[in-house]
2 protein chains.
Amino acid sequence: MKATVHVMLKNGVLDPQGEAVRHALGALGFEGVSGVRQGKVIELDLADGTSEADVNAMCEKLLANTVIESYRVDLS
Amino acid sequence: MKATVHVMLKNGVLDPQGEAVRHALGALGFEGVSGVRQGKVIELDLADGTSEADVNAMCEKLLANTVIESYRVDLS
């Protein structure tokens, strides 16, 4: 089975990487880009029967810094 | 309007970051993790009327290195 984890900076946390992308898009002539947030996506190949709770534990312990980042788990 | 861009390394391209995560998960006692791929997710706040072709152009020119990365655009 597969799990996809999205990790994004929480709202209000400064995202310099996203700001850099926004400036670069403007410099390349793309107009109307008012905000950019950049995060991580992690695709996990898991043994069958792994529960969503297990994946949440992976996020809490390693994949996300829950002080400044939020995460979302999609199992498929 | 919003667009979400997923950028992942193509299959066959070595992903050292993903490998590091896989090892770390094993070291933390999570078993059955057979593969990890890490990519980027970029959320764009765009002016209304921006077309998917515009977002694809942003990906081709800046957001993805299409030699080694593939991207997917979701408009919402």
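Residue numbers begin at 1 in each chain, while the letters A, B, ... track the order of the sequences. Not measured: the values here are computed from a predicted model.
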Considering all heavy atoms of both residues, which atom of V21(B) and which atom of L62(A) are nearest to each other, and what is their separation?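 Closest approach of V21(B) to L62(A): O-CD2, 4.0 Å.
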Start with the C-alpha gap between L44(B) and L25(A), add the side-chain angles, then the distance that decides, and say whether side chain to side chain contact (heavy atoms under 4.5 Å, CB included) holds. CA-CA 11 Å; L44(B) 303 160; L25(A) 285 173; 3.9 Å; yes
Sort A3(A) into side chain, backbone, both or neither according to what part of it lies under 4.5 angstrom from a heavy atom of chain B.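 For A3(A), no heavy atom lies under 4.5 Å from chain B.
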Measure distances from L28(A) to the heavy atoms of chain B and classify the residue's part below 4.5 Å as side chain, backbone, both or neither.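 Side chain of L28(A) only, per the 4.5 Å heavy-atom cut-off to chain B.
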Would you say [X] and [Y] are hydrophobically clustered, going by side-chain heavy atoms of ILVMFWY under 4.5 Å?
X      : Y      : result
V73(B) : V33(A) : yes
V7(B)  : I42(A) : no
V13(A) : V67(A) : yes
F30(A) : L75(B) : yes

I'd like a table of the N/O donor-acceptor pairs between chain A and chain B - cut-off under 3.5 Å, distance only.
from, atom 1, to, atom 2, distance (Å)
H6(A), NE2, H6(B), NE2, 2.7
G32(A), O, A47(B), N, 2.8
S34(A), N, D45(B), O, 2.8
S34(A), OG, D45(B), O, 3.3
G35(A), O, D45(B), N, 2.8
R37(A), N, E43(B), O, 2.9
R37(A), O, E43(B), N, 2.8
G39(A), N, V41(B), O, 2.7
G39(A), O, V41(B), N, 3.0
V41(A), N, G39(B), O, 3.0
V41(A), O, G39(B), N, 2.7
E43(A), N, R37(B), O, 2.8
E43(A), O, R37(B), N, 2.9
D45(A), N, G35(B), O, 2.8
D45(A), O, S34(B), N, 2.8
D45(A), O, S34(B), OG, 3.3
A47(A), N, G32(B), O, 2.8

Counting heavy-atom pairs under 4.5 Å to chain B, which of G18(A), G39(A), G49(A), A24(A) comes out on top?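 The answer is G39(A).
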Which residue out of V5(A), V41(A), V36(A) racks up the most heavy-atom pairs below 4.5 Å with chain B?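 The option with the most such pairs is V41(A).
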